[in-house]
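Contents: one structure, followed by commentary.
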Amino acid sequence: MGQEPEIVEIRVHGVGDQSGYRALGEPKGTALNGWVELRSPPALPAHPLKLINWWRANRKQTGRMWWYLAFPFTLVNVAGRMGPEVGHPFAHNAHRAVVSVTAVGLTLVQLAWLIVLMETILRYLPSFMDPLWLGRLTPLAAAAGLSLLLILRWTRVVRLQPEDAGTSPGSLCSHVVAVLAGGILLSVLRPAHMAYTGWPSVVPPGSGNEPLLDAMALVVVVSTTGVMLLAMLLVAVYAFTPSRARERVRPLPMTGLVLTVAVVLMHTVTALVRMALDNLANYVNGLLYPLQRGALQYQYRVLLSYDDPAIAGDSRLDLLPFQSMILLLALLAATVVVLCLCTKLKLSRLFSGEYSRATWWHGFITVLPSIIPVVAPIAGLLGMAGVASAVILGEGKLGGPIFGLGVLLLQLAAAVVILSMLLGQFPAFREVMAKIGDLAGFWPVHDHPLAGVSYRYPVLAGIRLELAQCGDAVRPVLFGHSQGSVLCAWLLAHESSLSGHRPVFVSAGSPIESIYAPLFPAYFTPDLQVKVVAATEEWANYWRVTDPLGGPIEGAENIRLDDSAADPLGHGGYWNHPRIAVFISSFERGTEVFPPDTNCI
């Protein structure tokens, strides 16, 4: 019987749809013909190896349709953690006020969309009660359902988190009170029946009909503009902070940008869902009630003054995705303009080969926190001007085959959204959402009770269990890649009861300094890195200049890996890199990890 190994290696992978054995390394393949490919298995170490595959368990939670629908609330939750460093009370109070107001406002926006979705469905149902009373009950039913959901989420998810992580009961009460008050107010007022001749208004078809307030369009405009103004407020707080202390409040502009994206995303996705739901209900209604066509009675309407499924683009809500595209283009244009003026980054490097492009992205992530304060206000002004121009020049004047093609593209986009969330189709889209979701899901539910559930606690519990099983006779080597390194560092810094040997910590492609420290300085402080060093026997951090996320980390032993100019590895190729393998094997005498003829960069 062989001698018991001195070490056990525990690998923790990063974000995205990771396969069960991805942490073994990517096997190299050779195409034999158009149908067959020969692949060589990755080299394995001689010591015991354990893989913490948190993707599979995590995706049971974050792969559901509800998690994606809750993503705007999750963004608010992430923005709530982008507070300034300790010691800046004014900036901290401004940040908390903006996040709290936006969180309650987003809940009210969700209430409005629920009412609109109910109105969309009620159009096709047989009349079972007086339309006037139906209009009164619709907002009350939506408010009651949303309030119940808020309470259930707090009871079943938020309350079970550690006390210092969860939403307070007072915050929950503010959301519930706002929803109930909004439902009662809409039940009494029913804004869709208010006569109004200005913008936004709509004239239902028929002789003698007066212009009515397009209430839901007004909700979209007020909510989006309000959040953008709050984002500008955070940019102003950053700009007027003394230059010597500005570094400590640098997350404020990014907070405003994330909050704006959350509101725009809610409007866009829900508008696409409503469009797909309306088309499906109209088709089914045509099969079941072939004589009942076109728009039905509108006496029960609350927020949706007029919408006829037979007329493409007659509702302003159907055009929201176009306006969101204008805002996105404004953000891209502002970013390009600022980058063109940036002397550190030259856009020409993006077209100078794969290696140059990879190093450019590494530099872009490095300077991103410093350019966001300039990009955000420019993008906001450009976006509002673009949307206003589109409304003035295009509203009521669009038509013809080009407009019909645009509406068809929106219908296809709605189908993509629905199929991706319900059936898991379109893997490329799902993979991008999975990576974004894994980054956002690191933070527990705190600033909005409807935010997506966090994976952090169960993943840390799994890593802690594996470390505990090593005991006193085995030295653990904790190897984290990308987001896995963030999880490992958080555990080592906040866990004081780890038994046995202090682990050797290996991080590779770690975003601790490039993403987490700039955006979450109140949590990823220099003190956290000091605690990681104290909790480990040794901390080695590997990175490349072609890795957009990886970089040096203060306190760790930083080792820069060379890369190939012809085929740069970028953010991958760490698991079975020879230098990392040799470092790990140095803690176990007499172990040869790779065969002598292994050729790796």
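This one's a predicted model, so the numbers in the text were calculated from it and none came from an experiment. Values below: every heavy atom of this structure, side chains too, minus hydrogens, waters and symmetry copies.
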message = Are the side chains of His175 and His448 in contact, using a 4.5 Å heavy-atom criterion?
response = yes

task = Mind listing the closest non-hydrogen atom pair of Met266 and Thr270 along with its distance?
result = O-OG1, 2.6 Å

note = Between Val15 and Leu439, the two heavy atoms sitting closest are CG1-CD2, 4.1 Å

query = Counting distance only, does the side-chain N/O of Thr74 pair as donor-acceptor with the main-chain N or O of Ala451 below 3.5 Å?
reply = no

inquiry  = Tell me if a side-chain donor or acceptor on Thr525 pairs with a main-chain N or O of Ala522 at a distance below 3.5 Å.
reply    = no

Beyond-backbone contact of Val221 with Pro200, side-chain heavy atoms, under 4.5 angstrom = no

query = Got a donor-acceptor contact below 3.5 angstrom from the Ser174 side chain to the Ser171 backbone?
reply = yes

request  = Using the six-membered ring wherever Trp is involved, compare the ring planes of Tyr516 and Trp443 and label them parallel, tilted or perpendicular (cut-offs 30° and 60°).
outcome  = tilted

inquiry  = Return the CH2 to CZ distance between Trp154 and Arg159, rounded to the nearest 0.5 Å.
reply    = 6.0 Å

query = Does Arg316 use its side chain to pair, donor to acceptor, with the backbone of Ser201 at less than 3.5 Å?
reply = yes

key: Student check: side-chain heavy atoms of Leu212 and Val203 closer than 4.5 Å   = no

ask   = Would you say Pro377 and Met232 make side-chain contact, with heavy atoms under 4.5 Å?
value = yes

request  = Using atom types as modelled and distance alone, determine if a side-chain donor or acceptor of Asp447 lies under 3.5 Å from a backbone N or O of Ser100.
outcome  = no

inquiry  = Any heavy-atom pair between the side chains of Leu317 and Leu304 that's under 4.5 Å?
reply    = yes

key: Evaluation steps, side-chain contact (heavy atoms from CB on, under 4.5 Å), between His267 and Val109   = CA-CA 9 Å; His267 289 317; Val109 169; 3.3 Å; yes

ask   = Which residue, Ile115, Val176, Val179, forms the side-chain contact (heavy atoms from CB on, under 4.5 Å) with Leu146?
value = Val179

task = Decide yes or no for Met194 and Leu189: does some side-chain heavy atom of the first lie under 4.5 Å from some side-chain heavy atom of the second?
result = yes

task = Enter the distance from Thr155:OG1 to Leu172:CG here, rounded to the nearest 0.5 Å.
result = 7.5 Å

key: CG-CG distance between Leu272 and Leu320, expressed to the nearest 0.5 angstrom   = 9.0 Å

task = Quick one: closest heavy-atom pair of Gly383 and Ile326, and the distance?
result = O-CG2, 4.3 Å

query = Tyr196 and Gly198: which non-hydrogen atoms are nearest, and at how many Å?
reply = CE2-C, 3.2 Å

task = Work out which heavy atom in Ala334 is nearest to a heavy atom in Ile378; give both atom names and the distance.
result = CB-CG2, 3.7 Å

inquiry  = Checking side-chain contact (heavy atoms from CB on, under 4.5 Å) between Val258 and each of Leu75, Thr102, Val76, which is the one that passes?
reply    = Leu75

remark   = To the nearest 0.5 Å, atom CG of Leu252 lies from atom CG of Leu233 at 9.5 Å

inquiry  = Once you measure the plane-to-plane angle for Trp490 and Tyr523, does it fall in the parallel (<30°), tilted (30-60°) or perpendicular (>60°) bin?
reply    = tilted

message = Assess the residue pair Val387 and Met384 against the criterion (side-chain contact (heavy atoms from CB on, under 4.5 Å)); give the C-alpha distance rounded to whole Å, side-chain angles, the decisive distance to 0.1 Å, and a yes or no.
response = CA-CA 5 Å; Val387 171; Met384 289 190 288; 6.0 Å; no

ask   = Between Thr241 and His88, is any side-chain donor less than 3.5 angstrom from a side-chain acceptor?
value = no

key: Side-chain touch Glu119/Val116, heavy atoms, less than 4.5 angstrom   = yes

query = Between Val391 and Trp199, does a side-chain contact (heavy atoms from CB on, under 4.5 Å) hold up when you go through it step by step?
reply = CA-CA 10 Å; Val391 171; Trp199 190 93; 3.7 Å; yes

task = For His95 and Ala79, indicate whether the former's side chain and the latter's backbone hold a donor-acceptor pair under 3.5 Å.
result = yes

query = Is a side-chain donor or acceptor of Arg190 paired with a backbone partner of Leu303 at a separation under 3.5 angstrom?
reply = no

key: Distance under 6.0 Å and angle within 45° of ring axis: Arg246 vs Tyr238   = yes

query = Should Val98 and Thr255 be marked as a side-chain contact (heavy atoms from CB on, under 4.5 Å) after you check the CA-CA gap, both sets of side-chain angles, and the distance that decides it?
reply = CA-CA 9 Å; Val98 169; Thr255 301; 5.7 Å; no

task = Examine distances only and state if a side-chain atom of Arg136 and a backbone atom of Ser187 form a donor-acceptor pair shorter than 3.5 Å.
result = yes

ask   = Do you know which two heavy atoms are closest between Val445 and Gly452, and how far apart they sit?
value = CG2-O, 3.6 Å

query = Can you tell me how far the CZ atom of Arg301 sits from the CG atom of Leu134, to the nearest 0.5 Å?
reply = 10.0 Å

query = Considering only heavy atoms from C-beta outward, does the side chain of Leu257 approach that of Met254 to under 4.5 Å?
reply = yes

